[in-house]
Amino acid sequence: MESLNELGELSSWLLLAAAVFYILAIGENTRARLYFQLGIGVHVVNFIKRGYDLGWIPLAEKHDTISLLALSIALVTLYLVRAEKNDRVLLYGAPLAVVFVFVSFLTNRIDGISPFLRTPWFFLHILTYFLSFGFLAAGSYLGIMYLTGGDEKLEAVQYRVMVHGWIVFTISLVLGSIWFFIAYGTYWLWTSKELWSTLTWFYLGMYLHARLMKGWRGRPAAIMGIAGFAFAVFTYFGVGTIIPSPPTLF
Amino acid sequence: MIRKAYDILISLKTVFWLFAATLLFMLIGSFALPAELAFFSGIDDEPLFGWLNANANITKTWWIWAIIGAIALLGASTVLCTIDYLLNRLTRSRLLLKLSPQVMHTGALFIMLGHLLTGSYGFKTDVTVSEGKTAAVGNGVEIKLEKMTLKLDELGFASDWSAMISLSGAGSAGASKNIAPSSPVYYGGLGFYFRSVDTPSEADGAPSAVFRVSKDPGAAWALLGATLLAAGGIGFLTARFNLSVKETRPRADGNEALPD
């Protein structure tokens with residue numbers, strides 16, 4: 001709860017303000033959309049301010065990465081509002097962004113960085129990793145919208161969003177492998193974390209192939225898509241806590 | 001018989017179940033690793049197949065062999081599907097959209113090849129060297145730690161470090177290079193990675209450094225594969241970004257094809 005004790009800092013107030021705007025955006029009208037855009041704007045300013053305070057891109061620890069996850073969900077949701085002309089996604093995307101903003105406040109904030117992380121490859125890896133989470137989260141709530149009475153188009157949009165998520169996730173794993181090779185001389189480790197990241201990638205690959213199969217479009221694909229985000233979230237939050245992932249190299 | 005095996009390997013259903021099997025074995029592995037940490041503690045310190053040979057306990061390592069087997073079958077299926085698509089189903093319209101998944105498939109195959117070469121022919125060792133001292137690292141190469149620069153935090157722990165090293169041997173001209181975390185040095189076919197430092201106590205004086213030294217014949221293949229995988233993905237998104245999914249039409253076998 002360290003972050004809650006530091007609410008006096010401007011960046012924390014900005015993050016809280018972003019959460020308030022996201023809460024106000026839970027609706028289906030023009031005003032909701034305006035609040036949502038304001039929330040994203042304030043969240044981006046928070047990100048810049050935090051980076052300015054730290055002196056590096058603020059992606060080296062959980063508080064900031066979970067905040068980025070919330071921002072990614074918000075950005076993909078805004079993309080869907082505009083591209084699909086569907087304000088209903090705000091009813092799902094805005095609360096989800098709020099949840100992750102508050103989760104970020106519950107983590108200990110560490111204002112330091114390991115020398116192994118000071119390379120653009122690491123920051124690009126983290127940036128794309130959490131951007132992919134934004135797509136997977138959107139794919140997940142689109143699947144829920146479809147299963148709770150949405151039309152067929154929603155499931156098709158879910159698929160398209162999941163394809164984006166999988167490809168961005170793939171790019172993030174590639175960047176992560178390059179960073180790890182430069183830092184430690186290997187691009188693979190036998191740890192539970194590594195296995196679950198790969199497992200998530202394989203699961204998403206399985207979903208994308210399954211949807212091309214006869215009889216898998218619609219309900220089965222929607223459920224598989226929802227689980228895709230669950231895999232990603234479990235890899236980040238569950239592995240290391242629920243499943244121990246002690247490093248074998250260090 | 002061969003025709004039947006071919007049909008099975010290029011079927012989407014087979015791909016689906018191979019994905020599912022790989023997932024299952026990885027899931028089992030994610031629990032087995034922490035449960036047997038003492039047994040698996042050296043797995044990342046040497047090439048995989050060397051470690052598997054030295055630790056031939058099939059009751060503990062079966063899931064690794066199962067992952068390798070499932071991925072090998074996926075690789076075979078990927079080769080055949082890609083060849084089948086390029087020879088029999090590729091048409092000229094929307095070429096980028098149709099070729100991008102095949103580029104991704106090829107990338108995945110190169111990554112598999114990279115892992116195979118790394119696991120079979122790689123070389124890894126850790127070398128501890130004190131400031132001013134020389135150590136042999138293998139392949140006839142020697143490393144001398146000339147000077148180390150340490151930055152300590154307010155608690156006295158090392159927060160950043162770098163070193164000047166001299167490398168010689170392996171038929172190459174000697175070289176002096178600066179090395180730091182995430183800033184490796186390559187010499188004589190070997191990679192040098194700064195793993196950690198041992199700050200000096202008042203008694204023993206000189207600081208020492210631990211370097212990971214490795215030779216990774218699969219890394220270049222894996223990088224090529226990763227580049228193709230990423231490029232194919234970007235190509236697919238570029239081609240498909242504005243396309244409605246409803247434009248797809250079913251193939252004769254009922255499975256969905258990419259849009260023509």
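Reminder, nothing fancy here: chain letters follow the sequence lines and each chain counts from 1.
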For [X], which atoms come within 4.5 Å of any heavy atom of chain B: side chain, backbone, both, or neither?
X      : answer
A/W166 : side chain
A/T198 : both
A/I178 : side chain
A/I243 : side chain

So what's closer than 4.5 Å to chain A heavy atoms on [X]: side chain, backbone, both or neither?
X      : answer
B/I71  : side chain
B/Y186 : side chain
B/A32  : neither
B/F192 : neither
B/A219 : both
B/S159 : backbone
B/L223 : side chain

- A/K214 side chain reached by B/L12 side chain, heavy atoms, under 4.5 Å: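 No, every pair of side-chain atoms sits at 4.5 Å or beyond.
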
*Should B/F16 and A/M206 count as side-chain neighbours, where that means a heavy-atom distance under 4.5 Å?*
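Yes, close enough: below the 4.5 Å cut-off.
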
Does atom [atom1] of [X] have more than 12 heavy-atom neighbours from other groups under 6.0 Å away?
X      : atom1 : result
A/W121 : CH2   : no
B/Y121 : OH    : no
B/K13  : NZ    : no
B/K215 : NZ    : no
A/Y52  : OH    : no
B/W221 : CH2   : no
A/W56  : CH2   : yes

Could you walk me through whether B/K124 and A/T186 satisfy the side chain to side chain contact (heavy atoms under 4.5 Å, CB included) test, starting with their C-alpha distance in whole Å, then the side-chain angles of each, then the deciding distance to 0.1 Å, before giving a yes or no?
CA-CA 9 Å; B/K124 289 178 189 176; A/T186 182; 4.0 Å; yes

Distance check, rounded to the nearest 0.5 Å: [X] atom [atom1] versus [Y] atom [atom2]?
X      : Y      : atom1 : atom2 : result
B/Y193 : A/F180 : OH    : CZ    : 12.0 Å
B/M26  : A/S197 : CE    : OG    : 10.0 Å
A/I167 : B/S100 : CD1   : OG    : 8.0 Å
A/L189 : B/L33  : CG    : CG    : 10.5 Å

Could you check, using the six-membered ring where one of them is a Trp, whether A/F202 and B/F19 have ring centers closer than 6.0 angstrom?
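Yes, ring centres under 6.0 Å apart.
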
* Within the distance-only criterion (no hydrogens, no angle test), does the side chain of B/D216 pair as donor or acceptor with the backbone N or O of A/G185 below 3.5 angstrom? ->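 The answer is no, because no donor-acceptor pair under 3.5 Å joins these two groups.
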
Can you check whether A/F116's main-chain N or O pairs, donor with acceptor, with B/S182's side chain at less than 3.5 Å?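 Side chain of B/S182 to backbone of A/F116: a pair is present.
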
Donor + acceptor pair across side chains of A/Y187, B/T118 (<3.5 Å) =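 A/Y187 vs B/T118: donor-acceptor pair found between side chains.
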
message = As a test of understanding, state which of B/W63, B/F25, B/F31 forms a side-chain contact (heavy atoms from CB on, under 4.5 Å) with A/L195.
response =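 Output: one option passes, namely B/W63.
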
Which atom of [X] lies closest to which atom of [Y], heavy atoms considered:
X     : Y      : result
B/P34 : A/P244 : CG-O, 3.3 Å
B/L23 : A/L199 : CD2-O, 3.1 Å
B/D44 : A/W188 : OD1-O, 4.1 Å

Review point. Taking the inter-plane angle between the rings of B/H105 and A/H209 on a 0 to 90° scale, is it parallel (under 30°), tilted (30 to 60°) or perpendicular (over 60°)?
Key: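 Rings of B/H105 and A/H209: parallel, as their planes differ by under 30°.
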
Q. Any idea which of B/D153, B/T22, B/V15 has the most non-hydrogen atom pairs under 4.5 angstrom with chain A?
A.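 Option with the greatest count: B/T22.
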
Do B/L27 and A/W196 pass the side chain to side chain contact (heavy atoms under 4.5 Å, CB included) test, and can you show the C-alpha distance, the side-chain angles, and the key distance before you say yes or no?
CA-CA 7 Å; B/L27 187 70; A/W196 268 85; 3.2 Å; yes

For chain B, which of A/F122, A/F181, A/Y203, A/W216 has the most heavy-atom pairs under 4.5 Å?
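Of A/F122, A/F181, A/Y203, A/W216, A/F181 has the most heavy-atom pairs under 4.5 Å with chain B.
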
